[in-house]
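Because only heavy atoms are used, hydrogens play no part in the values below, and waters and symmetry mates are left out as well, while side chains stay in. So that the names make sense, note that chain A is the first sequence line, chain B the second, and so on, each numbered from 1.
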Protein chains: 2
Amino acid sequence: MADPSKPARSEDNGPPAKRGKPTLRTIAEITGLAVTTVSRALAEAPQISADTRKRVREVAIEIGYSPDRAAQRLKTGRTNVIAVLLDPHEEILGYGTSIMSGIAKALQGTSYHLIVMPNFLNSTNVEAVNYITRNSMADGLIFSRTEPLDPRVMLLSEIGFPFVTHGRTELSTPHAYVDYDNFTFSYQATRRLIAKGRRKPALISGPADFTFAGHLQHGFMTAVREAGCAYEILSGIDLDSPAGDIRDRVRQRYGEPDPPDSFMCGGEVCALATITGMSDCGLTLGNEYDIVAKQTSHLLGAIQPQVETIYEDLTATGEDMGRVLLQRIGGETDVGKLQLLLSPQIPANW
Amino acid sequence: MADPSKPARSEDNGPPAKRGKPTLRTIAEITGLAVTTVSRALAEAPQISADTRKRVREVAIEIGYSPDRAAQRLKTGRTNVIAVLLDPHEEILGYGTSIMSGIAKALQGTSYHLIVMPNFLNSTNVEAVNYITRNSMADGLIFSRTEPLDPRVMLLSEIGFPFVTHGRTELSTPHAYVDYDNFTFSYQATRRLIAKGRRKPALISGPADFTFAGHLQHGFMTAVREAGCAYEILSGIDLDSPAGDIRDRVRQRYGEPDPPDSFMCGGEVCALATITGMSDCGLTLGNEYDIVAKQTSHLLGAIQPQVETIYEDLTATGEDMGRVLLQRIGGETDVGKLQLLLSPQIPANW
DNA sequence: TGGCCAATTTAAAACGTTATAAATTCAGCA
DNA sequence: TGCTGAATTTATAACGTTTTAAATTGGCCA
């Protein structure tokens, strides 16, 4: 059967070390150790003597070894990848970029890489989540635009796949999240309008689907009820609406009776659109009306400093999400450590 | 249809099919073919009979098979990954998100995934490029903020690693790029200002490092020279400057002799900052001065419609870059097909 | 019927890593 | 000296895929 003399079989000690990238075997050949030992040594396994570990480490650095991720992944089943669901929206200035920079910062120095799954592929991005988990494309998942009964959260919780949401749900099963305290933001911002003497604030809230819209509304309502003043939640538009629509709606509203005298805007684009709409009606900011807005850039401060703003640092948020996810992947189960509610920084002069 | 699920013990045909994800072997066991054959069949190899191919394909779909990327990558050396260098800048509205959405769109339906390498740490992101190529993290690379003698381009060209830049270089070795024709944009925009009767346009250009800054400047200069009018290139600021700095600089300039009477702005944030600065001096847009700007969102149209704008579609740009990169990876060497210069859409009423 | 070539299918090896189990060394002690 | 057990190191076998080379089938013709 088997011919003893096989063709092209190299005589010496296995195949010649490939000219390409160094592998564990390269190190093994240099040090005279077995591949297994080298692998263990680099993993700092206690069963390998300190001497050997040191020598292996040195050689590895010297020849510029870095492990093949594909092989590791194949063997261990772990991908060393974090996936983030990207929404192609840009109504919140710099949202995607900031979040991703932040996550990447948290991942820096770890073996994790960041992959982007844009979710326009799938109308409901449950499909994207399914795709990622089924094909084990990542070890963890990050996404935003969280809904109170978010189907993605239910799915991932059920199968025990690590994830962190930007925003909370109202589900009973706890899960990792990082959220901005939009209730407090909205409450304080609305109080500020009232403190300035305004008697009928209007809220331009987030799309009703998302949990944070409810928080904004709750904070707003709490403030107006406390003050016992009139209020309005502007219908027909939300923070996702194109700036032109917001402008039109604001202008239109002023043609009707009992218009609001101030606005609580969830984002800077919304604030700018509102200002323009009011300006169309001949009204000046700080004079006939006021605006308080959340900003995620520093644009308003430079362009419309009359708008009172609270800054939300999305890069820091991303970094938090990355950190939390790593903890979760690392096996942390104490939800106390996996749930972060970031406090708005209320300006000192309010 | 599905037979009753197999009992916990398997017969004598090798190890029990793992309960987990289906692999080639699962299909092999079901069809009675060899793993090799299944692999070939799924690759639509002509040496496999059409009958077999069809049967294998059907079974694959039925059991929801999808190939293990780690194994493919390990074996073939191809990663099926495209990397994009992300700049944490957001002076250009929605830049990162739009570009990435576009790339992802181009990658849709292919086996490629998109990974993000943020380059905030490495001042020159040559290091990031090195990291990606040395560790074969991707099959192709996309980046922007291209410089005339871009070291990344030189490096990648030298080692023959597929890449596409957003923007051109002035290197003699040709390479794949997608660029917006900033010369034409700038030329036409400046002509527009002059056609409106302005006699001293000012340019706020990109950071001098980047190639496109030169193109903007060249277009601007061509127009003012043709018209024989005065001009100014605003010093001390550029499109990367914070909005506040631009505002301050514009205001300051108006305190000095011979101020410009119009502006050519490369982005909408710059335009807004300029308007604010002029407003500080009591000047009104469309009255004492005019602005033409490039916009990458639809913000200006809603907020400051008096600004004349040319729209640059960054999502489409990303999609082009993705497509071009796939061609390049596919072996296309005809640079004619790998170099795209996108024409500005000049408004009809200019 | 046998032979030969083409058409299919297959077995075995390999990619680089880690997990499992086994082997080797070596000191301590009776 | 010989035994024991701890401390190290090692061989072997995977992970799921593709590649290389070989084997099997079948058709056709002499």
Q) Is there a donor-acceptor contact under 3.5 Å linking the side chains of A:D150 and A:T169? A) no

**Q.** Nearest-0.5 Å distance that lies between atom CD1 in A:I82 and atom CD1 in B:I115
**A.** 12.5 Å

(Q) From CG of A:L24 over to C1' of C:dT18, roughly how many Å is that when rounded to an integer? (A) 9 Å

**Q.** Near-strand residues of residues 72-82 of chain A, defined as heavy-atom separation under 4.0 angstrom from DNA chain D
**A.** A:L74, A:K75

Q: Indicate the ring-plane relationship of A:Y95 and A:H166, choosing parallel, tilted or perpendicular according to the 30° and 60° boundaries.
A: parallel

**Q.** d(CD1, B:I27; P, D:dG16) in whole Å
**A.** 13 Å

Q. What's the CD-C1' distance between A:E29 and C:dG16, to the nearest Å?
A. 13 Å

Q) With A:T31, which residues qualify under side-chain contact (heavy atoms from CB on, under 4.5 Å), at least two apart? A) A:I27, A:L33, A:V38, A:R55, A:V59

Q) Taking the six-membered ring for Trp, are B:F163 and B:F143 parallel (under 30°), tilted (30 to 60°) or perpendicular (over 60°)? A) parallel

**Q.** Helical bend (five base pairs per end, nearest 10°) for the helix from C:dT1-D:dA30 to C:dA30-D:dT1
**A.** 70°

Q: Nearest whole angstrom, please: distance from the P of D:dT18 to the CZ of B:R25.
A: 16 Å

**Q.** Salt bridge flag under 4.0 Å for residues B:K54 and B:D51
**A.** no

Q. Under a 4.5 Å cut-off applied to non-hydrogen side-chain atoms, are A:K21 and B:S136 in contact?
A. yes

Q) Does the side chain of A:T52 get closer than 4.0 angstrom to OP1 or OP2 of D:dT9 through an N or O atom? A) yes

(Q) Listing request: all side-chain hydrogen bond (donor to acceptor under 3.5 Å, both in side chains) pairs with a residue in residues 32-45 of chain B, at least two apart in sequence or in separate chains. (A) B:E44-B:R53, B:E44-B:R57

For nucleotides 10-12 of chain D, tabulate all protein N/O to nucleotide N/O atom pairs closer than 3.5 Å, reporting atom names and distance.
| residue | atom | partner | partner atom | Å |
| --- | --- | --- | --- | --- |
| D:dT10 | OP2 | A:A34 | N | 3.0 |
| D:dT10 | OP2 | A:T37 | OG1 | 2.8 |
| D:dT10 | O4 | A:R40 | NH1 | 3.1 |
| D:dA11 | N7 | A:T36 | OG1 | 3.3 |
| D:dA11 | N6 | A:T36 | OG1 | 3.3 |
| D:dT12 | O4 | A:T36 | OG1 | 3.3 |

(Q) In this structure, how many angstroms lie between the C1' atom of D:dC15 and the CZ atom of B:R69, rounded? (A) 17 Å

Q) Can you check side-chain contact (heavy atoms from CB on, under 4.5 Å) on A:R78 and A:I329, steps first, answer last? A) CA-CA 11 Å; A:R78 291 196 4 217; A:I329 290 174; 6.0 Å; no

Q. In chain order, what residues pass the side-chain contact (heavy atoms from CB on, under 4.5 Å) check against B:I159, with sequence neighbours excluded?
A. B:T133, B:F161

Q: Answer with base, sugar-phosphate or nothing: what part of the nucleic acid does B:S39 contact at a heavy-atom distance below 4.0 Å?
A: base

**Q.** Note, A:I30 side chain near A:E62 side chain (heavy atom, < 4.5 Å)
**A.** no

**Q.** Nucleotide nearest B:S49 (side chain, heavy atoms from C-beta), chosen from C:dT8, C:dT17, D:dT9
**A.** C:dT8

